[in-house]
Amino acid sequence: MAASEAAQLKSAREDIKEILKTTYCHPILVRLGWHDSGTYDKNIEEWPQRGGADGSLRFDPELSHGANAGLTNALKLIQPIKDKYPGITYADLFQLASATAIEEAGGPKLPMKYGRVDITAPEQCPPEGRLPDAGPRLPAEHLREVFYRMGLDDKVWDDARNLKKKEHVCLCVADNLRCFVQEIVALSGAHTLGRSRPDRSGWGKPETKYTKDGPGEPGGQSWTAEWLKFDNSYFKVDSLSFMLCRLKF
């Protein structure tokens with residue numbers, strides 16, 4: 001399919017807003033956009049072998065990857081919009097839904113660009129294993145491998161390992177940080193939205209006091225108290241300490 005039609009993108013955005021008001025699906029739409037794009041491999045020149053935001057997540061081979069457990073629910077929400085606006089590619093629609101969900105949850109309006117092209121067949125899906133694992137044996141090395149493959153920089157890792165925890169927490173939240181640590185922290189900050197469910201990621205509790213009554217489908221373990229609000233609460237010291245402990249710097 002050619003580039004998405006601008007008028008349809010504008011209308012689809014309004015329809016996504018309406019879905020968000022009634023289903024509280026902000027987190028899973030952000031996850032949908034991230035998982036469709038997070039398969040990108042900078043070391044592969046050929047498209048679509050290099051992965052990335054190409055709408056491949058709509059096909060069963062990729063949807064069945066372990067990291068994508070539960071995302072069939074996001075596709076069920078998005079498919080009626082795709083049917084209504086056939087002039088939009090899946091690749092653009094997934095990213096539009098993710099950006100709109102962030103904005104409607106109180107986050108910034110992202111300066112998005114559209115024109116992504118869809119893959120056309122299941123055989124073009126990327127192999128499993130390109131997304132971060134919820135519980136790797138060596139978390140820091142695993143994240144380094146995954147995000148470097150996407151083209152992010154790791155030039156300060158050796159220095160960061162030698163910092164004390166308190167110094168490293170300060171480093172992570174510094175406004176002028178220009179390095180791999182900043183990029184990983186920024187991506188991790190998306191956990192301010194949503195919950196982890198044991199039946200999907202293999203991590204978290206079946207429910208907590210913040211999630212047992214919803215809104216939306218109850219259950220799961222959130223990283224923040226207000227898990228439908230896009231803010232910086234994930235970056236409180238407790239959250240950063242937890243993250244650093246898991247990374248084992």
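Worth saying up front: this structure is predicted, and the values here are computed from it rather than measured. Basis for what follows: all heavy atoms, side chains included, without hydrogens, waters or symmetry-related copies.
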Is the closest side-chain heavy-atom distance between Phe94 and Arg58 below 4.5 Å? yes
Minimal heavy-atom distance between Pro108 and Phe230, with the atoms involved, is CD-CE2, 3.9 Å
Answer whether the closest heavy-atom distance between the side chains of Ile19 and Cys25 falls below 4.5 Å. yes
Looking at Asp36, Asp54, Asp92, which hits side-chain contact (heavy atoms from CB on, under 4.5 Å) with Arg116? Asp92
Nearest heavy-atom pair of Leu131 and Ala67: which atoms, and what distance? CD1-CB, 3.9 Å
Which of parallel (below 30°), tilted (30 to 60°) and perpendicular (above 60°) describes His191 and Trp223? tilted
Okay, side chain of Ser222, backbone of Gly194: is any donor-acceptor separation there less than 3.5 Å? no
Once rounded to the nearest 0.5 Å, what's the spacing between atom CD of Gln221 and atom NZ of Lys209? 12.0 Å
Gln124 and Thr120: side-chain donor and acceptor closer than 3.5 Å? yes
If hydrophobic clusters are built by linking Ile, Leu, Val, Met, Phe, Trp and Tyr wherever their side-chain heavy atoms come under 4.5 Å apart, do Leu20 and Leu93 end up in the same one? yes
Are Ile102 and Leu71 joined in one hydrophobic group, where the rule is that I, L, V, M, F, W and Y side chains link up if heavy atoms are under 4.5 Å apart? yes
To the nearest 0.5 Å, what is the distance between CD (Gln8) and NZ (Lys84)? 10.5 Å
Side chains of Tyr90 and Gln79 only: does a donor on one sit below 3.5 Å from an acceptor on the other? yes
All heavy atoms of Pro61 vs all of Pro122, minimum pair found to be CG-CB, 3.7 Å
In Å, rounded to the nearest 0.5 Å, how long is the span from CG of Leu75 to CD1 of Ile78? 8.0 Å
Just by distance, do the side chain of Glu128 and the backbone of Gly66 share a donor-acceptor pair under 3.5 Å? yes
Lys10 atom NZ: more than 12 heavy-atom contacts under 6.0 Å: no
Met150 and Arg130: which non-hydrogen atoms are nearest, and at how many Å? CE-O, 4.3 Å
Mind checking whether Glu217 and Asn73 have side chains closer than 4.5 Å, heavy atoms only? no
Does the pair Asp231 and Thr192 meet the rule for a side-chain hydrogen bond (donor to acceptor under 3.5 Å, both in side chains), with working shown? CA-CA 7 Å; Asp231 58 17; Thr192 194; 3.1 Å; yes
Note, Leu96 side chain near Arg13 side chain (heavy atom, < 4.5 Å): yes
Kindly indicate whether the side chain of Leu29, heavy atoms from C-beta on, has any atom under 4.5 Å from the side chain of Ile16. yes
Using 0.5 Å steps for rounding, measure from the CG atom of Leu77 to the CG atom of Asp15. 12.5 Å
Shortest non-hydrogen contact from Phe235 to Gly189? CZ-CA, 3.4 Å
Nearest heavy-atom approach of Gly55 to Ala91 is N-CB, 3.6 Å
Return yes if some donor-acceptor pair links the side-chain N/O of Arg149 with the main-chain N/O of Asn43 below 3.5 Å, else return no. no
Beyond-backbone contact of Ser64 with Phe59, side-chain heavy atoms, under 4.5 angstrom: no
Kindly work out whether a path of hydrophobic side-chain contacts (I/L/V/M/F/W/Y, heavy atoms less than 4.5 Å apart) joins Ile81 to Tyr114. yes
Does Lys42 make a cation-pi contact with Tyr148 (under 6.0 Å, within 45 degrees of the axis)? yes
When you compare the side chain of Gln95 with that of Ser37, does any pair of heavy atoms fall below 4.5 Å? yes
Transitive ILVMFWY side-chain link Trp227 to Leu32, under 4.5 Å: no
Sub-4.5 Å side-chain heavy-atom contact between Trp47 and Val117: yes
Is it true that a side-chain atom of Lys82 and a backbone atom of Ile88 form a donor plus acceptor pair closer than 3.5 Å? yes
Rounding to 0.5 Å, atoms NZ (Lys205) and OG1 (Thr211) come to a distance of 10.0 Å
Would you check if the side chain of Asn68 reaches a backbone N or O of Glu62 as a donor-acceptor pair within less than 3.5 Å? yes
Quick check on Glu14: does its CD atom have over 12 non-hydrogen neighbours (other residues, nucleotides or ligands) under 6.0 Å away? yes
Side-chain heavy atoms nearer than 4.5 Å, only ILVMFWY residues, links allowed to pass through others: does that put Ile119 and Ile44 together? no
Whether Ser4 side chain and Thr89 backbone form a donor-acceptor pair below 3.5 Å: yes
